[in-house]
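Okay, structure first, notes after.
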Amino acid sequence: MAQLSDDCFAFGGELMPAADALERLVASTEVVAATEAVPLAAAYDRILAEDVISERDVPPHDNAAVDGYAVYFDDLAPDSESRLPLTGRVAAGHELGRPARRGEALRVFTGAPMPHGEGEAGPDTVLMQEDCREDGGAVVIPPGIKRGANRRNAGEDIKRGASILEQGRRLRPQDVGLAASVGRAALTVYRPLRIAVFSSGDEIYEPGAALGPGGIYDANRYLIAGLVAQLGCQVVDLGILPDRLDAVREALRDAARDNDVLLTSGGVSTGDEDHIKAAVEALGHLHFWRLAIRPGRPLAFGQVGRVPFVGLPGNPVAVLVTFLRFARPLILRLSGCARTEPARYRVRANFDYKKKPGRREWLRARLETAADGTVEARKYASDGAGILSSAVYADGLVELAEEVTRLETGTMVDFLPFNEMIR
Ligand code: AMP
Ligand code: MG
C-alpha cells in the first residue's frame with residue numbers, strides 16, 4: 001500500500017495554529033526603531049513616538065459660532081421682540097477693545113472672541129444674523145432664543161493638560177490637524193525601519209532579463225517591496241539568492257550589518273535545495289514553524305545576529321497571505337505601531353466551499369453589492385497558492401477559522417479588506 005501522508009502531518013509533527021505563531025512573533029519582539037522629531041508637514045503616515053499632551057485649551061477663548069449679534073441673554077424680553085442698540089463690532093482675530101456693557105448688541109462674526117464685560121461676564125448669547133433685522137442703529141431680535149446659543153466655549157474640543165494623541169498611532173491627516181490645533185509645530189515619530197528583501201531560487205530571474213531554462217520571473221520581491229514600503233519602511237532590495245548555502249549565508253550575514261529586518265521568500269520548504277533555514281541556523285537562531293494554515297504552510301522566523309529574520313514561503317499567494325498575517329504585525333510592532341491587527345468585517349459568502357478542519361484558510365475574494373444592498377464576497381475561481389491573479393482580482397481575504405469544514409452560500413464570513421493592510 002502506498003504511504004500517503006496526511007498533509008496536516010506531512011512535516012512529521014503537529015502543525016502550529018496561526019494564532020500561536022502570531023502571538024509568539026509579536027511577543028518575541030520589541031520596538032527597534034529610533035525616534036526623531038519631524039515638522040508637521042512631514043508627519044503624515046509616520047508612527048507617533050510620544051503621547052501628545054495639550055498645553056492649552058482649544059478653542060483658546062469663548063467665541064461666536066455664527067455671524068450675528070452678541071447679547072446678554074438677560075437683556076432679551078422672553079415673549080416679545082427686543083430692540084437693542086448696535087454699538088460695537090468684533091471680527092475673528094480681533095477684540096472689542098473695551099468692556100461690553102449691559103443692554104447693547106455687538107456685531108460679531110464666526111470665530112470672533114466673545115467680549116468680556118466690565119468686572120463681570122460678557123454677552124453670553126449670539127443671535128444668527130438671518131434671524132434678526134437691523135433698524136436705524138438698533139437690532140430687532142425675535143423671542144425664543146436659548147441662553148448661551150451659538151457660542152463655542154473655550155476648551156470644548158480639548159482641555160489644557162489632556163492627552164490628545166497616543167504613542168504608537170499611525171498619524172492620519174486629522175491627527176496631524178489636531179496636533180496643529182494645540183500649537184505643536186513638530187512631533188516625535190519613529191524612524192522608518194530598513195528592511196532587506198531577498199528572493200531565492202536558481203529558477204528566479206529579474207523581470208526584463210531573458211529567462212534561462214526552467215526559469216520564471218521574480219514576482220515576490222516586487223510584491224514584498226511594495227508591502228514593506230506601504231508599512232512606512234525603507235526597502236533595501238538585495239536581489240535574488242541562488243540555491244547555494246554559502247552564498248545565502250554570506251548575503252544574510254552582510255545584510256544583518258545595516259538593516260533592521262531581513263525578509264526572504266522561497267527556500268524554506270524541506271527540499272534539498274532549500275538553504276535559507278540552514279544559513280540562518282548557522283548565523284543565529286531559527287524557529288521553523290509548520291503552520292496549520294493555507295496557503296503558506298512553512299514559515300521561518302529567527303534572527304541573524306540580533307536582526308529579526310522572516311522566511312516567507314515561495315508561492316506568491318502564500319507570500320502575500322503570510323506577509324499580511326504574520327510579517328506585517330511583526331514589522332509594525334518593531335516599527336513602534338500599537339495596532340497590528342487589521343479590522344475585519346462580516347460579509348455574506350456567495351460561494352460554497354469545502355475545507356479540512358484544523359487549519360486556518362484565507363481565500364481571495366472580491367466584494368460585490370447584492371440586489372438587497374448588502375455586501376457579498378465572491379471567491380476567485382482558482383485557489384492555488386501560485387495563482388497571483390487571484391490576489392489582483394480580490395478586494396481582500398476571507399478568513400476561515402480552524403473548525404470550519406464547509407461553507408454554504410449565504411453564510412456570514414470574516415473579511416479582511418486589503419485596504420486595511422495595504423494602503
Ligand atoms: P520554494 O519554497 O523555494 O520551493 O518555492 C515554492 C514555489 O514558489 C516554487 O514553484 C518557486 O518557483 C516559487 N517561487 C519562489 N520564489 C519565487 C519568486 N520570487 N517569484 C515567483 N515565484 C517564486
Ligand atoms: Mg526555491
Side-chain angles (χ1 to χ4, degrees), residues 5 7 10-12 15-16 21 195-229 235-252 255 261-282 286-302 309-328 359 361-362 364 380 382-394 422:
S5 61
D7 85 344
F11 289 91
L15 299 181
M16 185 188 292
I195 302 202
V197 180
F198 296 95
S199 287
S200 75
D202 286 347
E203 78 282 29
I204 308 300
Y205 285 76
E206 186 64 25
L211 281 182
I216 61 170
Y217 287 119
D218 187 353
N220 292 349
R221 220 163 84 253
Y222 290 92
L223 168 62
I224 295 169
L227 292 167
V228 166
V235 179
V236 179
D237 181 350
L238 292 176
I240 303 163
L241 297 168
D243 285 323
R244 260 186 18 244
L245 179 58
D246 56 340
V248 172
R249 201 172 46 209
E250 204 167 302
L252 291 178
V261 180
L262 309 181
L263 267 186
T264 63
S265 69
V268 290
S269 310
T270 45
D272 292 346
E273 297 295 345
D274 296 324
H275 300 296
I276 304 257
K277 286 185 298 176
V280 174
E281 252 157 10
L286 184 86
H287 309 287
F288 178 64
W289 294 333
R290 280 101 43 163
L291 302 183
I293 62 171
R294 195 173 111 130
R297 186 164 44 195
L299 184 75
F301 168 63
F309 160 84
V310 182
L312 300 170
N315 283 306
V317 177
V319 166
L320 177 64
V321 168
T322 55
F323 182 94
L324 292 177
R325 300 306 288 128
F326 300 101
R328 177 181 181 275
R359 68 187 183 196
E361 290 198 22
W362 292 275
R364 280 72 65 203
Y380 193 69
S382 170
D383 293 320
I387 311 289
L388 193 52
S389 308
S390 68
V392 171
Y393 164 90
I422 309 172

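Below, all heavy atoms of this structure are taken into account, side chains as well, without hydrogens, waters or symmetry copies. Note that ligands are numbered from 1 as they come in the structure, with each ligand's atoms numbered from 1 the same way.
The protein heavy-atom contact nearest to atom 16 (N) of ligand 1 is N220 ND2, 3.4 Å. The protein atom (non-hydrogen) at minimum distance from atom 22 (N) of ligand 1 is I216 CD1, 3.4 Å. Regarding atom 7 (C) of ligand 1, its nearest protein heavy-atom neighbour is N315 OD1, 3.5 Å. Of the protein's non-hydrogen atoms, the one nearest atom 20 (N) of ligand 1 is A219 N, 3.1 Å. From the protein, the heavy atom lying nearest to atom 19 (N) of ligand 1 is D218 OD1, 2.7 Å.
Closest to atom 15 (C) of ligand 1 by heavy atom, among G215, G314, P207, is G314.
Considering OG of S199 and CD1 of I240, their distance stands at 6.0 Å, rounded to 0.5 Å. Annotation: the span from L291 atom CG to F326 atom CZ amounts to 5.0 Å, rounded to 0.5 Å. Separation of atoms CZ (R244) and CD (E273) is listed at 11.0 Å; rounding is to 0.5 Å. Between N315 atom CG and N220 atom CG the span is 8.0 Å, to the nearest 0.5 Å.
Those atoms of ligand 1 with a heavy atom of S199 less than 4.0 angstrom away are 19 (N). Taking every non-hydrogen atom of Y217 and a distance limit under 4.0 Å, the qualifying atoms of ligand 1 come out as 20 (N), 21 (C).
Remark: distances from the non-hydrogen atoms of G267 to ligand 1 include one below 4.0 Å. Ligand 1 lies out of reach of G271, whose nearest heavy atom is not under 4.0 Å from it. Contact annotation: S269 has at least one heavy atom less than 4.0 Å from an atom of ligand 1. Within the 4.0 Å heavy-atom shell around ligand 1 one finds E203.
Here the two rings, on Y380 and Y393, have centers that are under 6.0 Å apart.
Ion pairing between a basic and an acidic side chain is recognised when a charged N comes within 4.0 Å of a carboxylate O; D218 and R221 show such pairing.
Judged purely by atom type and a 3.5 angstrom limit, R364 uses its side chain to pair as donor or acceptor with the backbone of D383.
The proximity of I204 to ligand 1, defined as any non-hydrogen pair under 4.0 Å, is limited to the side chain. In I240, neither the side chain nor the backbone holds a heavy atom less than 4.0 Å from any atom of ligand 1.
The minimum heavy-atom distance linking L245 with A278 is given by the pair CD1-CB, 3.8 Å. When all heavy atoms are compared, the tightest approach of V268 to P313 is CG2-CA, 4.1 Å.
Taking distance alone, with nitrogen or oxygen atoms compared against 3.5 Å, V268 stays at or beyond that limit from ligand 1.
Remark: of the listed residues L252, L263, I224, V236, L252 is the sole one forming a side chain to side chain contact (heavy atoms under 4.5 Å, CB included) with F198.
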